[in-house]
Amino acid sequence: TIASTGINVVGSVVADGLTVDGSTTLNTANTLFANLNYSGSNLGRLSTDGINLNIEATSNLFLKVNSATRAKFDGNGDISFYNDSAAQGLFWDSSTSRLSLGHTAPAQIFHIKTAVINTAHARIESTAANSYPTLSLKNDVQEYQLTTHGGLSDDFTIYDGTAGVHRLRINTSGNAT
């Protein structure tokens, strides 16, 4: 039926080349909104469980903005994010549980790779007064922490986290204590 508020369809509609102009609302008591088909093949679906919106793909799922790929979710669980130059910037390898910046085959749990001089940097930063941002190195029995320790006149320290003592301090003048 056609009313002043639009078309009310009861049942199914096959509409090849359907174009919807304006906003569209899907009101349904069913959990399945739409099956996504191309040339007779089911490629995915939109559904809900009443709380979440589920987007399912039978292979890879791409998120695009103005036709530019911004994220790709591979069918194998890998996830890629792309920068403005369409280069892969952040990559999650689901088979190895490794994360990479600038590389698609991370060799370690966290891998940063760049081809530009002096740009493979990672920063741990705290802007709180007298804070001490820390890089912690720990094995099964011992922990050491590298810090710039605001509470110790901003000294660089190697702290023995297991024994609870500073093993080395280098002050801002470069002198070790």
Side-chain angles (χ1 to χ4, degrees), residues 33-39 41-49 51-172 174 176:
F33 288 148
N35 279 313
L36 307 174
N37 298 303
Y38 180 76
S39 296
S41 296
N42 185 353
L43 299 178
R45 64 187 193 162
L46 298 175
S47 63
T48 183
D49 58 10
I51 298 171
N52 302 301
L53 174 64
N54 304 308
I55 302 172
E56 301 174 48
T58 57
S59 183
N60 300 326
L61 176 67
F62 293 86
L63 296 180
K64 296 185 176 195
V65 177
N66 295 326
S67 299
T69 298
R70 294 303 182 179
K72 177 183 173 190
F73 298 83
D74 285 340
N76 65 5
D78 292 352
I79 304 171
S80 302
F81 292 91
Y82 297 87
N83 64 20
D84 289 343
S85 302
Q88 193 172 48
L90 179 67
F91 176 72
W92 170 255
D93 186 333
S94 67
S95 67
T96 61
S97 296
R98 294 178 178 172
L99 182 66
S100 178
L101 295 171
H103 194 45
T104 58
Q108 302 298 327
I109 289 175
F110 181 60
H111 186 156
I112 300 173
K113 182 177 182 180
T114 180
V116 181
I117 295 173
N118 296 328
T119 60
H121 297 271
R123 175 174 287 177
I124 300 170
E125 180 176 2
S126 173
T127 58
N130 291 321
S131 63
Y132 42 97
T134 303
L135 175 63
S136 176
L137 307 171
K138 185 177 187 321
N139 67 11
D140 61 329
V141 295
Q142 184 67 41
E143 178 184 12
Y144 286 100
Q145 300 171 1
L146 305 177
T147 71
T148 179
H149 204 295
L152 298 174
S153 302
D154 297 315
D155 288 357
F156 171 76
T157 70
I158 297 178
Y159 180 77
D160 183 336
T162 305
V165 296
H166 287 92
R167 298 295 185 188
L168 176 66
R169 285 177 57 183
I170 300 173
N171 65 24
T172 54

Colleague: Got a second to check how far T69's OG1 is from Y82's OH, nearest 0.5 Å?
Modeller: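 Here the rounded value is 7.0 Å.
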Colleague: Does L137 reach the side chain of Q145, with side-chain heavy atoms less than 4.5 Å apart?
Modeller: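 No - every pair of side-chain heavy atoms lies 4.5 Å or more apart.
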Colleague: Return yes if a side-chain donor-acceptor contact under 3.5 Å exists between S94 and D78, otherwise no.
Modeller: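 Result is yes, a qualifying pair exists.
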Colleague: Indicate yes or no: does D160 engage R167 in a salt bridge with an N to O separation below 4.0 Å.
Modeller: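 A salt bridge is present here (some side-chain N lies under 4.0 Å from a carboxylate O).
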Colleague: Apply side chain to side chain contact (heavy atoms under 4.5 Å, CB included) to I158 and Y144, showing your working.
Modeller: CA-CA 7 Å; I158 297 178; Y144 286 100; 4.1 Å; yes
Colleague: I55 versus L46: any side-chain heavy-atom pair under 4.5 Å?
Modeller: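 Yes, at least one pair of side-chain atoms sits under 4.5 Å.
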Colleague: Which value, rounded to the nearest 0.5 Å, describes the distance between I112 atom CD1 and L99 atom CG?
Modeller: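 So the gap between those two atoms works out to 9.0 Å.
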Colleague: How many angstroms lie between OG in S131 and NE2 in H149, if you round to the nearest 0.5 Å?
Modeller: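 Nearest 0.5 Å value for the OG-NE2 distance: 9.5 Å.
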Colleague: Can you tell if the side chain of S80 reaches within under 4.5 Å of the side chain of W92, non-hydrogen atoms only?
Modeller: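 No - every pair of side-chain heavy atoms lies 4.5 Å or more apart.
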Colleague: Could you walk me through whether K72 and L61 pass side chain to side chain contact (heavy atoms under 4.5 Å, CB included), step by step?
Modeller: CA-CA 6 Å; K72 177 183 173 190; L61 176 67; over 6 Å; no
Colleague: Would you sort out whether F156 and T172 count as a side chain to side chain contact (heavy atoms under 4.5 Å, CB included), showing the intermediate values?
Modeller: CA-CA 8 Å; F156 171 76; T172 54; over 6 Å; no
Colleague: What residues, two or more places apart in sequence or in another chain, satisfy salt bridge (Lys or Arg N to Asp or Glu O under 4.0 Å) together with D155?
Modeller: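 Scan of D155 (salt bridge (Lys or Arg N to Asp or Glu O under 4.0 Å), adjacent residues dropped) gives R169.
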Colleague: Using side-chain heavy atoms (C-beta onward) and a distance below 4.5 Å, is Y132 in contact with S126?
Modeller: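 No, every pair of side-chain atoms sits at 4.5 Å or beyond.
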Colleague: Return yes if some donor-acceptor pair links the side-chain N/O of D93 with the main-chain N/O of S95 below 3.5 Å, else return no.
Modeller: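 Looks like yes, one N/O pair under 3.5 Å.
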Colleague: Surrounding CZ of F73 (heavy atoms of other residues, nucleotides or ligands, distance under 6.0 Å), is the total greater than 12?
Modeller: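 Buried by this count: over 12 neighbours within 6.0 Å.
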Colleague: Start with the C-alpha gap between L168 and T157, add the side-chain angles, then the distance that decides, and say whether side chain to side chain contact (heavy atoms under 4.5 Å, CB included) holds.
Modeller: CA-CA 6 Å; L168 176 66; T157 70; over 6 Å; no
Colleague: Kindly indicate, with the supporting measurements, whether the criterion side-chain hydrogen bond (donor to acceptor under 3.5 Å, both in side chains) is fulfilled by T147 and T134.
Modeller: CA-CA 5 Å; T147 71; T134 303; 5.4 Å; no
Colleague: Hydrogens and angles aside, do N83 and Q88 bring a side-chain donor and acceptor to less than 3.5 Å of each other?
Modeller: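 No, because no side-chain N or O of N83 sits under 3.5 Å from a partner of the opposite role on Q88.
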Colleague: Say you draw a straight line from CG of N76 to CG of D74; how long is it, rounded to the nearest 0.5 Å?
Modeller: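 Output value for this atom pair is 5.0 Å.
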Colleague: Checking E56 now: which residues fulfil salt bridge (Lys or Arg N to Asp or Glu O under 4.0 Å) with it, not counting sequence neighbours?
Modeller: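 By the salt bridge (Lys or Arg N to Asp or Glu O under 4.0 Å) rule, E56 matches R45.
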Colleague: Within the supplied structure, the quantity of interest is the number of heavy atoms (other residues, nucleotides, ligands) at a distance under 6.0 Å from I109 CD1; does it exceed 12?
Modeller: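 At most 12 heavy atoms, drawn from other residues, nucleotides or ligands, come within 6.0 Å of this atom.
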Colleague: State the NZ-CG distance between K113 and L101, to the nearest 0.5 angstrom.
Modeller: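 The CG atom of L101 is 13.0 Å from NZ of K113, to the nearest 0.5 Å.
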Colleague: Please find the pair of heavy atoms, one from N139 and one from Q142, that lie closest to each other, and give the distance.
Modeller: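 For N139 and Q142, the tightest heavy-atom pair comes out as OD1-N, 2.7 Å.
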Colleague: Just verifying a value: how many Å separate K64 NZ and R70 CZ, rounded to the nearest 0.5 Å?
Modeller: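 Answer for the NZ-CZ pair, K64 versus R70, is 11.5 Å.
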Colleague: Can you name the closest pair of heavy atoms from S136 and E143 and give their distance?
Modeller: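 It is OG-OE2, 2.5 Å.
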